[in-house]
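In what follows, a single structure is set out as structure tokens and then discussed.
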Amino acid sequence: MVNNLWLIKRPADFPEADMLQPEDMIILIQDAVIRVPTIENWVACREDAVARNIKIPEDKMMDYTDIIDLIEKANKVIVW
Amino acid sequence: MVNNLWLIKRPADFPEADMLQPEDMIILIQDAVIRVPTIENWVACREDAVARNIKIPEDKMMDYTDIIDLIEKANKVIVW
Amino acid sequence: MAKKKIVLIIKSNPFSWKAFEALRQAVGLSMGHDLTIIFMKEGVYTLTDWKPQMIGIEPLDKSMEALGMTEATVVAEEEAIRERGIKLRQWPIEVKIRPKEEVCELVENAEVVITW
Amino acid sequence: MAKKKIVLIIKSNPFSWKAFEALRQAVGLSMGHDLTIIFMKEGVYTLTDWKPQMIGIEPLDKSMEALGMTEATVVAEEEAIRERGIKLRQWPIEVKIRPKEEVCELVENAEVVITW
Amino acid sequence: MNLLIVLASNPYSHDFNTAVKLAEASINRNHRTSIFFMGNGIYSVLRPEVKELYEKGAKIYYCAHNAQQRKIKPEEWAESSSMYGLSKLVTEADKVIMLD
Amino acid sequence: MNLLIVLASNPYSHDFNTAVKLAEASINRNHRTSIFFMGNGIYSVLRPEVKELYEKGAKIYYCAHNAQQRKIKPEEWAESSSMYGLSKLVTEADKVIMLD
């Protein structure tokens, strides 16, 4: 179960720690894939990473279909 | 005499020191007026500062006509 | 269908058409929903005494007036205002200054979050 | 009228339509001018092996090929590449890696500077 | 689910690509999918990718006020709406994705 | 002087305001003033402020390729041009201001 699903668009522009709940999840999209975060609960949009030639561990990459499935299951979506 | 005239658009986004020549001049325009630089040879676009309610010393403000006069006299213009 | 608890966050790009469009959207959403508008980060500049028309942007007053006639709540983050050392102007709707902690709670309790 | 010494700098917004438009402009300027294209800051990502079409952007190859047939010079800032730990791909035109110092000189000696 | 994407971003931006790809994936999963174009996003309603999404089943709405102001004439398959219309779409939506 | 402003920026952006205000001041000083619209800047050629600049004496050019791609039809007082045309304008210009 995902609480809030955060779509992060810009490199290293994360919501402040106080805003993230334990069950929240972060998806890096667009240029945000350039800088991988130090926190745990993140994945990256596969197309946005591959298009930019950024190497990201396979288990951290998500197709758009996976993302839509997460959006469906999440409590709400917040684009940051 | 002005060598290069730099039009700076974003707050604190200056060309690196190596790029600035002694006779160069910096004009802060748009959102760049929000943060005043520590270097000496700068002025700010009056309308952009007043519109944003940013207080800037009177002798550091320039009308668009003044800016056009500077552009005419400068060696070249670089928008940053 | 039921009203939703909506939080609309204005956090970026002060002094632009974005602020204008965001507030126009807020007026629309205030009809039919329980709306809170939060100004945070650079977004707090939107509430200062700036002059949109001087830089070719339509003024925000009409939207703020319209919001003043609705049940919408306007909140500005205390820390964001303090860090920037800015003063807010009087608006046709009350602006509640709230600490970051309360802002986070509002976001957590919303059903829909819209960010600008 | 005389040719001009033009420096076109690509320093921002990698992976966007800006890179495409900048290079299309460069091809035009290479006809009739002494053109140097400088990639610096985030702009150096433009020269890596990225896939514009995957994110809905037209590929840069045609412009780079066209530039390869002109007298234009392509320069990438050494420090910007090193700091980002990136690898450039092969392009249809030689990319000269130059230290910041030389980049500054090129800018200083230009008659017209265009930044993207 | 009923997914609503609101696009207010600049034309030829990353957000446009994100909106198109998410909408495609959503349609493929048989979700009800709507896109609302407003602000500077209105220019993107002219792009062929949007017509394709419509043909695959997405509902396309736009803010008539923004279209008129920006002198953009969307094709007839796009539905003229307003900020009040957007408010109603938000009521019906299970998830809202705001891109600007 | 002969001033050339090239606008490739997003519509309704700070750059548009800067371009218009600089062009106005330049015309008021009796400088030859041209604006070239390209890329996402092409959308701004539809704005009334640009027509006013034309009426005050500015020359307005646009990249026909970008206009066609973005389905924008400038009015007839704006001159259809190309990247090669831009190159010639740069030759004639004393100062070039690039906004994007």
Side-chain angles (χ1 to χ4, degrees), chain B residues 1-49 51-52 54 62 64-80, chain D residues 1-14 16-19 21-23 25-26 29 32-46 75-84 96-116:
Chain B
M1 180 54 200
V2 175
N3 179 32
N4 295 328
L5 187 66
W6 300 79
L7 300 182
I8 312 289
K9 301 201 292 183
R10 277 168 291 264
D13 179 17
F14 293 101
E16 289 169 69
D18 314 8
M19 273 216 177
L20 293 170
Q21 306 294 321
E23 317 263 278
D24 285 6
M25 187 160 178
I26 281 176
I27 306 186
L28 308 179
I29 64 170
Q30 301 177 9
D31 286 345
V33 301
I34 296 176
R35 237 161 285 162
V36 157
T38 49
I39 48 170
E40 259 305 304
N41 49 344
W42 65 277
V43 292
C45 168
R46 180 187 302 273
E47 272 193 43
D48 279 334
R52 287 164 180 78
I54 304 292
M62 276 210 170
Y64 280 107
T65 312
D66 304 331
I67 295 175
I68 284 293
D69 291 348
L70 265 184
I71 288 172
E72 188 186 7
K73 277 182 280 185
N75 192 20
K76 63 179 181 279
V77 181
I78 308 179
V79 181
W80 204 247
Chain D
M1 260 181 272
K3 273 188 176 199
K4 283 186 179 166
K5 218 183 266 189
I6 301 183
V7 161
L8 187 150
I9 298 177
I10 299 182
K11 68 178 172 68
S12 63
N13 268 302
S16 79
W17 278 94
K18 275 201 177 194
E21 290 298 334
L23 289 174
Q25 188 193 53
L29 292 174
H33 298 286
D34 174 4
L35 177 71
T36 304
I37 305 158
I38 300 178
F39 293 86
M40 55 185 288
K41 301 181 124 199
E42 297 290 280
V44 291
Y45 279 111
T46 320
V75 170
E77 197 205 274
E78 197 178 330
E79 287 86 343
I81 296 170
R82 205 192 312 130
E83 282 161 22
R84 285 163 187 79
K96 295 179 178 160
I97 318 274
R98 293 284 179 270
K100 189 178 289 186
E101 203 190 318
E102 275 182 51
V103 168
C104 292
E105 249 169 65
L106 287 167
V107 173
E108 178 55 24
N109 295 330
E111 290 167 271
V112 172
V113 174
I114 284 175
T115 49
W116 281 86

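Quick note on labels: first sequence line is chain A, next is B, and so on, each numbered from 1. Just the heavy atoms: all of them, side chains too, but no hydrogens, waters or symmetry mates, feed the values below.
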Please classify the contact between I9(D) and chain B as side chain, backbone, both or neither, with a heavy-atom cut-off of under 4.5 Å.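 Side chain only.
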Check each atom of E111(D) against the heavy atoms of chain B and say whether the ones under 4.5 Å are side chain, backbone, both or neither.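 Only the backbone of E111(D) comes within 4.5 Å of chain B.
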Neighbours of chain D found in residues 65-80 of chain B - heavy atoms under 4.5 Å: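 K76(B), V77(B), I78(B), V79(B), W80(B), listed by number.
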Side-chain contact test, heavy atoms from C-beta onward, threshold under 4.5 Å: evaluate it for M40(D) versus M19(B) and give yes or no.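 Sidechains of M19(B) and M40(D): in contact.
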Please classify the contact of N4(B) with chain D as side chain, backbone, both or neither, using a heavy-atom distance under 4.5 Å.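 Looking at N4(B), just its side chain touches chain D.
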Verify the neighbour count for atom CD of E83(D): are there more than 12 heavy atoms of other residues, nucleotides or ligands below 6.0 Å?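 Enclosed: over 12 neighbouring heavy atoms sit under 6.0 Å from CD of E83(D).
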Interatomic distance, K11(D) atom NZ to D13(B) atom CG [nearest 0.5 angstrom]: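 Those atoms lie 5.0 Å apart.
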